[in-house]
Amino acid sequence: MAPFDHRAFAVRAATAIDLAALPEIERQAHSIFYGMAGLGAVAERPPTTIDRLRRGPCWLAAQQDGRIVGFIVADQLEGDTLIETLAILPEFSGAGLGRALVGAATEWGKEIGMGSVLVAAYRDIPWDAPFYARLGFTEVPHRQWSSELHRLRREATLLGHDPARRLWMRLSLN
């Protein structure tokens, strides 16, 4: 697919009106991408709730006609920005929307004084850890995981994520 075209898409903060469209985007994205990766239990999980999306911060990618085609949800964790969810409709993968959405979360982290951006990713899925590595993220060694990162990993494991395939990645904002 063609690189991200700023004339065709806009990345902006999500509004309350936008939120209803986001769970379906996540459902479609995760059913395809996690399904292809052999993670059917994760693919079938319910999407992020409207209540969680409302708490934000959340940014979306929309076409010129306003159709929302992807989004990212972040949070703060121990002085860092935590990417919780990144979802893009499958037909728009490879267009640079993920890079643009991660960029929005990164800029937010810089604006509020966060030290880095963190994300949990799958080592062996080309559109996950290798994607983040191309953006400058590096693996956080297990010995450097905080108790919160361990807790989040345990929670993700209970939701069906395979801990043997997952890692934490960090992008320094300093």
Side-chain angles (χ1 to χ4, degrees), residues 14 22-61 70-90 92-94 96-106 108-109 112 114-174:
L22 305 185
E24 179 57 21
I25 291 169
E26 182 178 354
R27 188 195 64 70
Q28 287 184 42
H30 288 183
S31 68
I32 296 291
F33 297 129
Y34 283 130
M36 288 176 11
L39 296 162
V42 176
E44 294 171 11
R45 297 274 321 150
T48 304
T49 65
I50 297 292
D51 285 341
R52 172 60 194 98
L53 293 168
R54 190 174 291 120
R55 288 193 312 270
C58 180
W59 300 268
L60 55 84
F71 72 96
I72 191 168
V73 178
D75 203 352
Q76 295 179 43
L77 179 73
E78 302 176 322
D80 295 315
T81 299
L82 175 66
I83 295 174
E84 290 185 357
T85 302
L86 173 61
I88 297 166
L89 288 174
F92 292 94
S93 67
L97 298 173
R99 178 183 298 271
L101 289 165
V102 170
T106 299
W108 173 75
I112 65 169
M114 297 289 104
S116 66
V117 180
L118 290 167
V119 67
Y122 278 91
R123 298 177 185 282
D124 59 334
I125 299 176
W127 55 85
D128 211 4
F131 162 75
Y132 288 106
R134 287 190 302 275
L135 297 180
F137 285 75
T138 58
E139 183 172 354
V140 178
H142 191 265
R143 68 184 177 283
Q144 292 179 9
W145 290 13
S146 68
S147 60
E148 277 299 292
L149 293 183
H150 283 286
R151 180 187 64 77
L152 290 171
R153 180 176 174 149
R154 284 190 303 274
E155 288 177 5
T157 300
L158 292 173
L159 294 174
H161 291 279
D162 182 350
R165 296 172 63 188
R166 301 264 284 183
L167 70 152
W168 281 105
M169 299 183 79
R170 170 178 281 131
L171 175 67
S172 177
L173 299 179
N174 300 323

Qualifying residues under side chain to side chain contact (heavy atoms under 4.5 Å, CB included), relative to Ser172, sequence neighbours excluded: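 Listed in chain order: Asn174.
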
Test side chain to side chain contact (heavy atoms under 4.5 Å, CB included) applied to Ala129 - qualifying residues, sequence neighbours left out: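 With sequence neighbours excluded, Ala129 shows a side chain to side chain contact (heavy atoms under 4.5 Å, CB included) to Ala121, Leu167, Met169, given in chain and number order.
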
Is [Y] close to [X] at the side-chain level, that is, under 4.5 Å between some pair of heavy atoms?
X      : Y      : answer
Thr85  : Cys58  : no
Thr81  : Thr106 : no
Ile112 : Gln76  : yes
Leu152 : Leu82  : yes
Leu77  : Leu149 : yes

Which side-chain N or O atoms in residues 131-141 pair as donor and acceptor under 3.5 Å with protein atoms at least two apart or in another chain?
| unit_1 | atom_1 | unit_2 | atom_2 | d |
| --- | --- | --- | --- | --- |
| Arg134 | NH1 | Pro130 | O | 3.4 |
| Glu139 | OE1 | Arg123 | NH1 | 3.3 |
| Glu139 | OE2 | Arg123 | NH1 | 3.4 |
| Glu139 | OE2 | Arg123 | NH2 | 3.1 |

Non-neighbouring partners of Arg153 that pass salt bridge (Lys or Arg N to Asp or Glu O under 4.0 Å), sequence neighbours left out: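 Per chain and number, Arg153 pairs via salt bridge (Lys or Arg N to Asp or Glu O under 4.0 Å) with no residue.
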
Salt bridge (charged side-chain N to carboxylate O under 4.0 Å, His left out) partners of residues 70-83, not counting sequence neighbours, each pair once: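 The answer is Asp80-Arg170.
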
Grab the two heavy atoms, one from [X] and one from [Y], that are nearest each other, plus how far apart they are.
X     : Y      : answer
Arg52 : Gly56  : NH1-O, 3.0 Å
Leu97 : Phe92  : CD1-CB, 3.7 Å
Trp59 : Leu101 : O-CD2, 3.8 Å

For the [atom1] atom of [X] and the [atom2] atom of [Y], what is their distance to the nearest 0.5 Å?
X      : Y      : atom1 : atom2 : value
Trp108 : Met114 : CH2   : CE    : 6.5 Å
Leu118 : Glu84  : CG    : CD    : 11.5 Å
Glu26  : Leu86  : CD    : CG    : 10.0 Å
Arg55  : Ile50  : CZ    : CD1   : 12.0 Å
Ile83  : Ile72  : CD1   : CD1   : 4.0 Å

Candidate pair Val102 and Leu171, rule side chain to side chain contact (heavy atoms under 4.5 Å, CB included), full reasoning: CA-CA 11 Å; Val102 170; Leu171 175 67; 5.6 Å; no

Those residues that, when tested against Glu155, pass side-chain hydrogen bond (donor to acceptor under 3.5 Å, both in side chains) (two or more places apart):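 With sequence neighbours excluded, Glu155 shows a side-chain hydrogen bond (donor to acceptor under 3.5 Å, both in side chains) to Arg151, given in chain and number order.
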
Plane angle bin for His142 and His150 - parallel if under 30°, tilted between 30 and 60°, otherwise perpendicular: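 Aromatic pair His150/His142 classed perpendicular.
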
